[in-house]
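In what follows, a structure is listed as structure tokens, so that the remarks can point back to it.
Model, not experiment: these values are computed from the prediction.
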Amino acid sequence: MTAVLRFDAVRAYYDDALIVDGLSFEVEEGGCLALVGANGVGKTTSLNAMFGIAQLKSGTIEIDGKALRHKQAHEAARLGAALVPQGRWIISSLTIEENLILGRASGRTGEWTLEKVYELFPMLHERRTSPGDALSGGQQQMLAIGRALMANPRILLLDEPSEGLAPVVIDQLGDMLAALRAQGTSMLLIEQRLDLVHRLADHYAVMAKGAVTSQGRLADTTPTDLRSLVAI
């Protein structure tokens, strides 16, 4: 099956600090790979290397077989990577609708329009003229996901989407992300809640010290087994 995202021996730094050291994995077309591991092992840095926030010093990152050459945010977005960042990054000075429209900056076109995002998240339509920060944590996460979908991505990058949310909201978020998966949306999921990982992902890769130490199919791995691998 075709890989929509591939990391090959990636080494990434913040200034002189090596954080990601020989990271290799791939996400198949229409699949969801969960990148899991303890805090500080380089999961978020791997995403930041795609957008020029961390420095990609060696190795390659490919989207649909096209290597990121200039290591700048606009290049990754143009090729089809859309990030739902940890902390959501909602711009409080803009309305909900203006935050969504920012997703069009990649210049990609496709099925995801304001109307379709509002169909997925009716609450955003009802409050579209409200400031972006006038939402609960769960609603802000919906806004961050809707903004990413507006980029018509080839792959959705989700960095700790359940962070700070109540269990009932996490269940709702899981329903929505499962629906997107059923529509064929490719995803890379960074997530600490392994119940959500098992619900959404089909493959996992465990990271430690900046590299993958174990990987496989979630269908072959129990939650207890995966928890043990992450704790090693």
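In this structure, CE in Met187 is found 8.5 Å from CG in Leu189, a value given to the nearest 0.5 Å. Expressed to the nearest 0.5 Å, how far CG of Leu165 lies from CD of Glu160 amounts to 11.0 Å. In this structure, OG1 on Thr224 lies 11.0 Å from CG on Leu229, to the nearest 0.5 angstrom. Separation of atoms CZ (Arg88) and CG (Leu135) is listed at 10.5 Å; rounding is to 0.5 Å. One distance of note links CG of Leu23 with OG1 of Thr45; it measures 10.0 Å at 0.5 Å rounding. Atom-to-atom distance recorded for Ile96:CD1 and Phe121:CZ is 12.0 Å, nearest 0.5 angstrom.
Ring geometry for Phe25 against Phe7 counts as parallel: the plane angle stays under 30°, on a 0 to 90° scale with 60° as the upper cut.
Scanning both residues, Ala34 and Ala201, for their nearest heavy atoms gives CB-CB, 3.8 Å. Closest approach of Ser186 and Gly30 over heavy atoms only: OG-N, 2.7 Å. In terms of heavy-atom proximity, Val10 sits nearest to Leu56 at CG1-CD1, 3.4 Å. Between Val84 and Gln141, the closest heavy-atom pair is CG1-OE1, 3.2 Å. The shortest heavy-atom contact between Gln55 and Ile53 is NE2-O, 3.7 Å. Between Met142 and Leu124, the shortest heavy-atom contact is O-CD1, 4.0 Å.
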### Task
Determine, step by step, whether Glu62 and Asp8 satisfy the side-chain contact (heavy atoms from CB on, under 4.5 Å) criterion, reporting the C-alpha distance in whole Å, the side-chain angles of both residues, the deciding distance to 0.1 Å, and the verdict.
CA-CA 8 Å; Glu62 296 180 351; Asp8 184 16; over 6 Å; no
### Task
With side-chain contact (heavy atoms from CB on, under 4.5 Å) as the test, would you mind laying out the steps for Leu177 and Arg199 before giving the verdict?
CA-CA 10 Å; Leu177 292 175; Arg199 183 176 180 185; over 6 Å; no
### Task
Kindly determine whether His125 and Glu97 satisfy side-chain contact (heavy atoms from CB on, under 4.5 Å), including the steps that lead there.
CA-CA 8 Å; His125 181 261; Glu97 186 158 296; 5.8 Å; no
### Message
Set out, in order, the CA-CA distance, both residues' side-chain angles and the distance that settles salt bridge (Lys or Arg N to Asp or Glu O under 4.0 Å) for Glu75 and Arg69, then state yes or no.
### Response
CA-CA 8 Å; Glu75 183 186 19; Arg69 301 192 182 279; over 6 Å; no
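In the hydrophobic clustering of this structure, Leu102 does not group with Leu83; members are Ile, Leu, Val, Met, Phe, Trp, Tyr whose side-chain heavy atoms approach within less than 4.5 Å, directly or through other members. Ile91 and Leu114 fall into different hydrophobic clusters, where Ile, Leu, Val, Met, Phe, Trp and Tyr side chains are chained together by heavy-atom contacts under 4.5 Å. No chain of hydrophobic side-chain contacts below 4.5 Å, direct or via other Ile, Leu, Val, Met, Phe, Trp or Tyr residues, connects Tyr13 to Phe51. Placement of Ile101 and Leu120 within a single hydrophobic cluster is found when ILVMFWY residues are connected by side-chain heavy-atom separations under 4.5 Å, directly or transitively. Residue Leu94 is not grouped with residue Leu100 when hydrophobic side chains (ILVMFWY) are merged at heavy-atom distances under 4.5 angstrom, including chains of intermediate members.
No side-chain heavy atom of Ile190 sits under 4.5 Å from any side-chain heavy atom of Gln86. Leu5 is listed as a side-chain neighbour of Met50, based on a closest heavy-atom distance under 4.5 Å. Side-chain contact check for Leu149 versus Lys116: every heavy-atom pair is 4.5 Å or farther apart. Contact of the Asp202 side chain with the Arg181 side chain is registered, since non-hydrogen atoms from C-beta on lie closer than 4.5 Å. Between Gln192 and Asn39 there is a side-chain heavy-atom pair separated by less than 4.5 Å. Looking at heavy atoms from C-beta onward, Ile170 lies out of side-chain contact with Asp195 at the 4.5 angstrom threshold. Side-chain contact between Leu47 and Leu35 is absent, with no heavy atoms from C-beta onward closer than 4.5 Å. Pro161 is listed as a side-chain neighbour of Glu191, based on a closest heavy-atom distance under 4.5 Å.
Proximity of a side-chain donor or acceptor of Glu111 to a complementary backbone N or O of Asn152 within less than 3.5 Å is not detected. With Asn99 contributing its side chain and Ala144 its backbone, the two residues share no donor-acceptor pair below 3.5 Å. Ser24 places a side-chain N or O within donor-acceptor distance of the main-chain N or O of Ala9, the cut-off being under 3.5 Å. Looking at Arg128, its side chain never comes within 3.5 Å of a backbone N or O of Tyr118 through a donor-acceptor pair.
The list of salt bridge (charged side-chain N to carboxylate O under 4.0 Å, His left out) pairs with a residue in residues 34-51, not counting sequence neighbours, is empty.
Annotation for Gln183: atom CD counts as buried by contact number, over 12 foreign heavy atoms lying within 6.0 Å.
Every residue two or more places apart in sequence or in another chain that forms a side chain to side chain contact (heavy atoms under 4.5 Å, CB included) with Thr213 is listed here: Val206, Ala208. With sequence neighbours left out, Arg108 forms a side chain to side chain donor-acceptor pair (under 3.5 Å) with no residue at all.
Of the options Val197, Leu194, Leu200, a side chain to side chain contact (heavy atoms under 4.5 Å, CB included) to Leu218 is made by Val197 and by none of the others.
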